[in-house]
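So the structure is just underneath, and the comments pick up after that.
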There are 2 protein chains.
Amino acid sequence: MAKKALSMLSKSQEAAATCVCFNLRKASRAVTQLYDGILQETGVRATQTPILIASYLAGEVTVSHLADTLVMDRTTLTRNLKPLEDQGLITVKTGNDRRTKAIALTSQGKAVLTRVLPLWEKAQKQIVGGLGNDRFKSLLAELSAAVSVARS
Amino acid sequence: MAKKALSMLSKSQEAAATCVCFNLRKASRAVTQLYDGILQETGVRATQTPILIASYLAGEVTVSHLADTLVMDRTTLTRNLKPLEDQGLITVKTGNDRRTKAIALTSQGKAVLTRVLPLWEKAQKQIVGGLGNDRFKSLLAELSAAVSVARS
DNA sequence: CCATAAATTGCGTATATACACCTATTCTTG
DNA sequence: CAAGAATAGGTGTATATACGCAATTTATGG
């Protein structure tokens, strides 16, 4: 009994301090709030920026393909596209293969992206500057590795 | 014109590849799904585990204090407490200072935590094993630094 | 050519996140 | 002690996330 209770206490302390999932989510919350604050004047959120960028880079793309690119659940992306479509930043139309939807950035979306990118850079520089370039590069590499491990 | 378009393209490519916010969120999604899959049989989610653990370690704690501990928005925590209370894993009662709420883990919550912790360890070992101990420790340190920078 | 499998997407449901605003309680001070 | 300040918490609203299931369309094997 005493042993089990002790193990529960020490394991809880270890989990609180070292859990990769918790610490990733914690950092995500903090960093997302920083980006959101800086991007606020554009009306675009930190979470929406990658979608706009990927749409811009892909030209015209299906929901599933875009979800793969963003390493995002397909149904999550579908929900996330809605406010962007409502704001006129993207269009969603039926593709030639009528099972698919073709996502494309509108000219308004491109205009907004032009305003977003300098602010993104500002936020990014605050983080990179605070971390230092070495830790920044190390962080990116480890996040990439974590994704590979988690999905393998 | 050509210059601006080029800058937009290259900046978009840079953002897609290096954005700290996006890469953190991406890794959070992937890692959370791994933990969720392993924890599934307990009925407790990866996001709920830290709340149970912090409640267990704190003994009895107010919403705001728990939110500080978890580096989580107070109102987010309030919403997250609801399903845990519904499942009977925690109790929420008015504190002596009647402005406050006292959060406490129930005996059922402790029993569930006993089942959760070994599975948490299993998930954690998959990630740590995949990353290697050096990269794991480095990742934790950089996430901690990122939180400090983002909140400063 | 048709029956069936595969591919693509949407929707129902539930939880996670956080900002703005509101209420209730306690503290502070004249 | 009463009025304003400070503190603790909840609610409305909007977006983010993802699992399971259903619907539609395309590809494929006999």
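Within every chain, numbering begins at 1; the chains are lettered A, B, ... in the order of the sequence lines, protein sequences first and strands thereafter.
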Check your understanding: Does the pair B/Val20 and A/Gln124 meet the rule for a side chain to side chain contact (heavy atoms under 4.5 Å, CB included), with working shown?
Key -> CA-CA 7 Å; B/Val20 175; A/Gln124 178 83 352; 3.8 Å; yes
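Going from atom CZ of A/Arg74 over to atom C1' of C/dC11 covers 10 Å, rounded to whole Å. Summarising the geometry, the separation between CG on B/Asp68 and C1' on D/dT7 is reported as 13 Å, rounded to the nearest angstrom. In this structure, B/Lys101 places its NZ atom 15 Å from C1' of D/dT7, rounding to the nearest Å. Atom NE2 of B/His65 is separated from atom C1' of D/dG9 by 16 Å (rounded to the nearest Å). Separating the CG atom of A/Asp36 from the C1' atom of D/dA14 is a distance of 12 Å, rounded to the nearest angstrom. Residue B/Met72 contributes atom CE, which lies 9 Å from atom P of C/dA16 at whole-angstrom precision. Atom-to-atom, CZ of B/Arg25 to P of C/dA16 comes out at 14 Å; the value is rounded to the nearest Å. Atom CZ of B/Phe22 is separated from atom C1' of D/dT17 by 14 Å (rounded to the nearest Å).
Contacts between residues 37-52 of chain A and DNA chain C, defined by a heavy-atom separation under 4.0 Å, are absent. Near-neighbour residues of DNA chain C inside residues 89-100 of chain A, defined by a heavy atom below 4.0 Å, number-ordered: A/Arg99, A/Thr100. Of all the residues in residues 76-84 of chain B, B/Thr76, B/Arg79, B/Asn80, B/Pro83 reach under 4.0 Å from DNA chain C with at least one non-hydrogen atom.
Within 4.0 Å of A/Thr32, counting heavy atoms only, lies no atom of the nucleic acid at all.
Across all their heavy atoms, A/Leu24 and B/Ser28 have their closest contact at O-OG, 3.3 Å. Residues B/Arg135 and B/Gly130 come closest through the heavy atom pair NH2-O, 3.8 Å. Taking all atoms of both residues into account, the shortest heavy-atom contact from B/Gln126 to B/Ile38 is NE2-CD1, 3.7 Å. Of all non-hydrogen atoms in B/Ala150 and A/Ala30, the two that sit nearest each other are CB-O, 3.6 Å.
The 5' end of DNA chain D is approached more closely, in terms of each residue's nearest nucleotide, by B/Ala102 than by the other of A/Asp73 and B/Ala102. Where A/Gln87 and B/Gln33 each meet DNA chain D at their nearest nucleotide, the meeting point lying more 5' is that of A/Gln87.
With no hydrogens or angles considered, a side-chain donor-acceptor pair links A/Glu142 and B/Ser138 at under 3.5 Å. Between B/Thr32 and A/Arg25, the side chains place a donor N or O and an acceptor N or O closer than 3.5 Å (distance only, hydrogens not considered). Donor-acceptor pairing under 3.5 Å is lacking for the side chains of A/Thr106 and A/Thr91.
In the set D/dG9, C/dA18, D/dT17, D/dG9 carries the atom at the smallest distance from any side-chain atom of B/Ser64.
Residue B/Glu85 places its CD atom among more than 12 non-hydrogen atoms of other residues, nucleotides or ligands, all under 6.0 Å distant. Heavy-atom neighbours of B/Asn133 CG from other residues, nucleotides or ligands within 6.0 Å: above the threshold of 12.
Residues passing the side-chain hydrogen bond (donor to acceptor under 3.5 Å, both in side chains) test with B/Asp68, sequence neighbours excluded: none. For A/Val149, the side chain to side chain contact (heavy atoms under 4.5 Å, CB included) criterion is met by B/Ile127, not counting sequence neighbours.
Here the CG-OG1 distance, from B/Leu139 to A/Thr18, works out to 11.0 Å after rounding to the nearest 0.5 Å.
If one axis is set at each end of the helix from C/dC1-D/dG30 to C/dG30-D/dC1 from five pairs, those axes are 0° apart, to 10°.
In this structure, B/Leu57 and A/Leu9 have side chains that are in contact, with non-hydrogen atoms separated by less than 4.5 Å.
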